[in-house]
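Below: the structure, in structure tokens.
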Amino acid sequence: MDPGSHRIERRPNATTPEPPLVTPTPPNFATLGGGALPGDRTPTYSNAISQRLRAMLPWSTADDPVTMLIRTHRAIHPSGDGGLLRRAYSTAEQMHRGQMRKSGEPYITHPLSVAQICADLGMDTTTLVAALLHDTVEDTKYTLAALESDFGSDVAIIVDGVTKFDKVFYGQDAEVETIRKLIVMAGRDVRVLVIKLADRLHNMRTLDARSTSSQVRIAKATQDVLIPLCDRLGIQALKRELDDWVLRALSPDGYARVIDYFARRKGRTKYLAEIIAQVNTELDQFRIDATITPRERHLYSIWKDTVAGGHPEPYDLPRIIIVVDGPDTDCYAALGAVHGRWRPVPGRFKDFIASPKNNLYRSLHTTVIGSDDTAVEVLIRTEAMHRTSEYGIIANFRYPQHAASFGPAAQAEQLEWLHRLLDWQGAATDPAQFLDSLRCALAEAQIIVFTSTGRPVLLPADATPIDLAYTLGADVGHRCVGARLNGRLVPLSSILNDGDVVEIMTRPGQRDEFDFDDNAPAPGPSVEWLQLVKTPHARLHISRWFSDRKAPASTIAHKVRLGRAAIGLALRQKERGLASDLPLLRLLPHLGYPDLETLLVAVADHKISADAVVETLIALVDQTPH
Ligand code: MN
């Protein structure tokens, strides 16, 4: 099957501008072969057959539905247990018999598709068995105990994980609790998360059967948490398709415009073939063995960089990927060959090999002016880098023979954020606070600052010296009294920037016997810091410090003080100040608060942001005649 066929389903015609009755669907990640490697054991023809078979479900042919699944699985894992998959399928089919999906299909088509997605990703037999059974305990009379005795404890643990957090979407808290469970279970076995992502992908693929409001709700939830999770785990192969489905659900117009752009884009294939031939010749001269292929951007990525950024039309540059056979240094040799032949576009070179992204993505990126003065984007990486950038955390399931190149150390490094998040989540009793922590851990915008000893520390954008202090240790945080930013003394509220050198100044840990200065400030953090920090662990350590000392940030008096400090800070950031409470009192009816204390407590509890209060305040003051 031609993976690009979806792009020509819509034929633009000037006389019939109405949208097509059937919106084209995003390409299936497995048929795109985007992650296919030289020597990859997944034959593309099997995916093509799988695609066609899936279109024919429910089946009527002699070929039973599990055969495709087993074939995909065995193509990647020759010793995969087909008999076990068959047994799991028949149990699931029996249990779900009589149940229907919203689309009217037999329910079993769903777990089977989820298992197929896991197989396409290259997951192991255990994951596939759990995927086939993932909804049985929740939706049928099958019990966890029966499942455990039938399929073993590994499968039971994974299904249990999915079951617990799959009782979804009953109000805001239920949803957050669901996500919290997902993270906890993923900390024990990351395969839980893979099934959850595959489950969501299939639900997104079949979203058309749902009402418009459900479509939007599910797509938003996918965008809010699951896609950032998928990105953080580095499973780009899956993320691309999820991205495109979300775009289709949330911005049908933007989606249609990108599809339309694909249909109008002429000569791309021919141009790419020419440039690939030229790059091949160039690399041959330098004796660099490499596989060069076109590398299409996915729809969402084009939309985000153009339409979403206010650009009148979707647009993308031709892009190729060079996967070198040799070691890392061959990437730089290939880069040299490309830059030697074509002029690089200034400012477009990025070295993600020397500085990997936070999901361990590594590659060289450059843009050169190719023949016909057309700019071409070039990605350069080794096979090992390619495996990791396509499959991230699950690369060692798909490529067990290469597990050494993505061994326990790399995996532990990639999951460090997850385990740190798990440490905090135990203490974060408030679901909203947990979601904050998760969003922060998944945040794309990150900076690297250096301690005075030259140690690099990764922090979220807009972090302050207090965040750095707590990252260096709870003790350093509690004793922090000041900071030097690039050699200059700065307030603790200063915002850190990428590349800053930050020295944290601390008071001595314990007073020595000669220290009789009773006027010294009380040791420990200040309650105002809660408004200054960006990282959840800093916030947690600070609030814990206060609750340990029975000076809880939860008393009304404390919250009033906290709210006032937050408003003061927000005003200072806008270079304003308050001479009295009068303007705030006048603001109360506009914001719907009965008295000032209630407003300040609401600010302290994050029910209304200090910024929102200050914006309304400034608008009010500025429109009042003097
Ligand atoms: Mn499901």
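Starting from 1, each residue takes its place in the sequence as its number. Ligands are counted one by one from 1 in listed order, and the atoms in each one are counted from 1 as well.
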Checklist entry - Can an N, O or S atom be found in His134 less than 2.8 Å away from the Mn ion (ligand 1)? => result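 Within the cut-off used here (under 2.8 Å), His134 does place an N, O or S atom near the Mn ion (ligand 1).
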Next on the checklist: Restricting to N, O or S, what is the name of the atom of Asp199 that lies nearest the Mn ion (ligand 1)?
Outcome noted: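 It is OD1, the N, O or S atom of Asp199 closest to the Mn ion (ligand 1).
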Next on the checklist: Is the terminal nitrogen or CZ of Lys357 (NZ for Lys, CZ for Arg) located under 6.0 angstrom from the six-membered ring centre of Tyr361 and within 45° of that ring's axis?
Outcome noted: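 Yes, a cation-pi geometry.
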Item to check | Distance under 6.0 Å and angle within 45° of ring axis: Arg387 vs Tyr399 | outcome: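 Yes, Arg387 and Tyr399 form such a contact.
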Item to check | Pair Asp243 + Lys304, salt bridge at N-O below 4.0 Å | outcome: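 Judged by the 4.0 Å cut-off on N to carboxylate O distance, Asp243 and Lys304 do not form a salt bridge.
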Item to check | Salt-bridge present (Glu390, Lys239; N to O < 4.0 Å) | outcome: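 Here Glu390 does not pair with Lys239 in a salt bridge, since their nearest N and O are not under 4.0 Å apart.
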Item to check | Geometry at the Mn ion (ligand 1) - His110 NE2 versus Asp135 OD2 angle, rounded to 10 degrees | outcome: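 It comes to 90°.
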